[in-house]
Amino acid sequence: MKDSQVRIRIPIHHPKEHRQASIAEEGSGSIATSLQKNKLMQQQPDTRGTLPTVVRPNRRITAVPSAVNSVDTALPIAGAAVHDTRAASLLQVPLPHLRPSAGRAPRWGSRRPWLPFAAMAGVLVLAMAVPALMAWPRQTAQPSSRTAAPAAPSVTAKGETPVTRLPGVPPIPAVPAAPTRSVPVAAEPYVRVYVTSTGRTETLPLEQYIVGVVAAEMPPSFEGEALKAQAIAARTFIARRLLADDTSGAPAGADVTDTVKHQAYISKAKLTREWGHSGKSAELAKIQKAVRDTKDTIMVYEGKPITASFFSTSNGYTENSEDVWAKAVPYLRSVSSPWDKQLAPRYTETVTLSRQSVFDRLGLSRTAIAASTGGGRMPEIRILSKTEGHRIKKIEVGGSIFTGPEIRNKLGLRSAEFTWKAEGDRIAITTYGYGHGVGMSQWGANGMAKEGHTATQILLHYYTGISFAQASRILS
């Protein structure tokens with residue numbers, strides 16, 4: 001016999017004999033007795049119960065189901081024979097608790113020789129699956145609903161992905177995060193306002209001051225976005241003065257006054273007395289909301305608070321700063337403002353002045369007027385030039401040249417754009433718009449808000465090239 005060949009003698013029971021053995025086992029009630037009988041029967045010569053001398057290994061394999069075929073074929077035949085011998089030796093010991101039910105073959109009988117190998121294969125698969133489960137990539141479980149309560153945040157190192165804990169697997173200890181540098185919260189600035197009616201100076205928080213300014217400077221019936229734009233402009237104006245420590249035009253110990261020389265302002269006591277208890281509480285609440293929604297926001301240009309000038313009504317355009325104050329400011333450029341004419345109730349206004357009143361206010365003598373008019377009674381008025389904002393830039397009156405803002409201030413006109421008409425000894429002057437015309441038009445802002453523009457869009461329209469910042473950080 002060659003070394004590569006293995007002869008194995010495996011007993012095969014005939015079905016009829018198997019049934020007889022089963023009956024005998026049921027009668028005796030002992031597995032050990034049936035094994036002894038089977039052993040004696042195997043020793044008797046019987047051509048029906050033996051296989052040919054050479055057994056092909058693949059006949060043993062083909063009897064195994066395909067579910068465990070891949071595992072069983074990996075085991076050598078010799079190992080299988082040893083397993084059967086050990087099993088037989090173990091079964092020689094009487095085990096009363098393994099008695100089969102009546103009418104059934106033993107669990108590990110000859111009809112199911114593949115069951116031990118299936119059990120071994122299952123144990124092997126389980127042994128391989130446990131390490132694989134432990135090494136499986138872990139991902140964070142996502143909440144099933146947006147309304148679910150958020151889980152407590154876990155402390156993880158920067159760049160570490162949170163993991164879902166598997167049952168029975170201890171959590172990975174978290175790496176302590178590097179301590180973050182705490183940023184101190186800037187305190188709210190205070191403003192000192194000189195109240196002309198009482199002659200006293202009030203010191204109050206910035207945001208409370210802005211409420212009084214918006215209430216005094218803009219009608220509360222305006223759109224909410226227009227009120228927000230006014231709040232940001234008013235906050236920017238005072239922030240610029242506080243940053244520069246500018247107290248010009250205010251009494252000692254005050255930053256600003258409550259007049260239009262700086263910004264109009266209504267004190268908190270007056271607001272409570274005249275607004276809160278006189279049917280205007282809803283309007284006051286509207287202003288307070290606009291200030292609250294824009295809290296701490298100001299306009300800046302190149303990192304500094306701007307000169308946030310504003311006025312009531314435009315003539316359809318705003319002015320370049322140099323045409324009013326003789327200084328060019330890059331963010332105070334002339335822009336169109338067509339909403340004023342449609343909304344402002346006093347877009348145009350006509351005033352009538354006597355000839356003598358005009359002479360006196362402009363500082364013209366009778367001799368100069370007579371020389372310029374050739375002895376006539378009315379001075380000659382002639383427009384020399386206009387600004388980009390369509391207002392009078394240069395004008396000649398009685399031989400003297402004035403700027404448009406000079407005429408407006410000296411004659412007390414609402415705007416530097418005007419027309420005139422002589423009527424006997426009197427002059428009727430009609431103005432268009434109201435205010436100096438530099439910066440934001442308040443009625444124009446309300447018109448933009450009615451069209452759906454936000455406060456940010458309004459301010460970006462009237463102030464060219466600006467951005468936004470926090471007043472508290474700049475002032476700190």
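Quick caveat: nothing in here was measured; it's all calculated off a predicted structure.
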- Given salt bridge (charged side-chain N to carboxylate O under 4.0 Å, His left out), test Lys394 with Glu406 step by step and report yes or no. CA-CA 9 Å; Lys394 297 287 183 179; Glu406 282 180 331; over 6 Å; no
- Message: With side-chain contact (heavy atoms from CB on, under 4.5 Å) as the criterion, how do Ser400 and Leu364 come out once you've worked through the C-alpha distance, each side chain's angles and the decisive distance to 0.1 Å?
- Response: CA-CA 8 Å; Ser400 299; Leu364 300 176; 3.4 Å; yes
- Yes or no on side-chain contact (heavy atoms from CB on, under 4.5 Å) for Phe311 and Ser441, after CA distance, side-chain angles and deciding distance? CA-CA 5 Å; Phe311 61 100; Ser441 167; 3.7 Å; yes
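Residue-environment remark: NZ (Lys295) stays at or below the threshold of 12 foreign heavy atoms within 6.0 Å. For OH of Tyr190, the number of neighbouring non-hydrogen atoms (other residues, nucleotides, ligands) closer than 6.0 Å is 12 at most. Atom NZ of Lys286 is surrounded by more than 12 heavy atoms from other residues, nucleotides or ligands within 6.0 Å. Dense packing is recorded around NZ of Lys386, with more than 12 heavy atoms of other residues, nucleotides or ligands lying under 6.0 Å away. With a 6.0 Å radius and a threshold of 12 heavy atoms from other residues, nucleotides or ligands, Arg200 has its CZ atom at or below the threshold.
Within the 4.5 Å cutoff, the side chain of Tyr194 has no heavy atoms near those of the Thr259 side chain. Counting heavy atoms from C-beta outward, Phe418 and Ile407 have side chains that approach closer than 4.5 Å. Using a 4.5 Å heavy-atom cutoff, the side chains of Gln263 and Phe310 are in contact. In this structure the side chain of Thr387 never reaches within 4.5 angstrom of the side chain of Asn320, judged on heavy atoms. Looking at heavy atoms from C-beta onward, Asp255 lies out of side-chain contact with Tyr209 at the 4.5 angstrom threshold. For the pair Tyr265/Leu204, a side-chain contact is recorded, criterion being any heavy-atom separation below 4.5 Å from C-beta on. Between Ile298 and Phe468, every side-chain heavy-atom pair lies at or beyond the 4.5 Å cut-off. Ile266 is not listed as a side-chain neighbour of Glu274, based on a closest heavy-atom distance of 4.5 Å or more.
The backbone N or O of Asn315 sits less than 3.5 Å from a side-chain atom of Tyr347, completing a donor-acceptor pair. Without hydrogens or angle criteria, Arg240 side chain to Pro305 main chain gives a donor-acceptor distance under 3.5 Å. For the pair Thr294 (side chain) and Thr297 (backbone), a donor-acceptor distance under 3.5 Å is absent. Not one N or O on the side chain of Ser314 forms a donor-acceptor pair closer than 3.5 Å with the backbone of Thr318. Panel note: side chain Thr247, backbone Ala250; no donor-acceptor pair is recorded below 3.5 Å. A donor-acceptor contact shorter than 3.5 Å links the side chain of Ser321 to the backbone of Val329. The backbone N or O of Glu417 sits less than 3.5 Å from a side-chain atom of Ser415, completing a donor-acceptor pair. The backbone N or O of Asp425 sits nowhere less than 3.5 Å from a side-chain atom of Arg355 that would complete a donor-acceptor pair. For the pair Glu283 (side chain) and Lys280 (backbone), a donor-acceptor distance under 3.5 Å is absent.
Taking every heavy atom of both residues into account, Phe237 and Ala308 meet most closely at N-CB, 4.3 Å. Contact record, Glu223 with Lys450: OE2-NZ, 3.3 Å, taken as the closest heavy-atom pair. Heavy-atom minimum distance, Ser472 versus Ala187: CB-O, 4.1 Å. When all heavy atoms of Ile306 and Val300 are compared, the closest pair comes out as CG2-C, 3.7 Å. A pairwise comparison of heavy atoms in Ala229 and Met440 identifies CB-SD, 4.1 Å as the closest pair. Pairing each heavy atom of Val214 with each of Ala231, the nearest pair is CG2-CA, 3.7 Å.
With hydrogens and angles left out, the side-chain atoms of Thr313 and Asp340 include no donor and acceptor closer than 3.5 Å. Thr352 and Glu423 form no side-chain donor-acceptor contact under 3.5 Å, judged by distance and modelled atom types alone. In this model, a donor atom of one side chain and an acceptor atom of the other lie less than 3.5 Å apart for Tyr462 and Ser337.
A distance of 7.5 Å separates OG of Ser334 from CZ of Arg391, quoted to the nearest 0.5 Å. The distance from the CD atom of Gln442 to the CD1 atom of Ile458 is 11.5 Å, given to the nearest 0.5 Å. How far OG of Ser248 is from NE2 of His262: 5.0 Å, rounded to the nearest 0.5 Å. Interatomic distance, Thr456 OG1 to Met299 CE, rounded to the nearest 0.5 Å: 10.5 Å. Atoms CD and CD, on Glu451 and Glu225 in that order, are 13.5 Å from each other to the nearest 0.5 Å. Taken from CG in Asp296 to CD in Glu188, the straight-line distance is 8.0 Å, to the nearest 0.5 Å.
Tested against Val291, the residues Arg235, Lys228, Gln230 include a single side chain to side chain contact (heavy atoms under 4.5 Å, CB included) partner, Arg235.
Below 30°, between 30° and 60°, or above 60°: for Trp339 and His461 the angle between ring planes is above 60°, a perpendicular geometry.
Residues forming a side-chain contact (heavy atoms from CB on, under 4.5 Å) with Lys268 (at least two apart in sequence, or on another chain): Gln208, Thr272.
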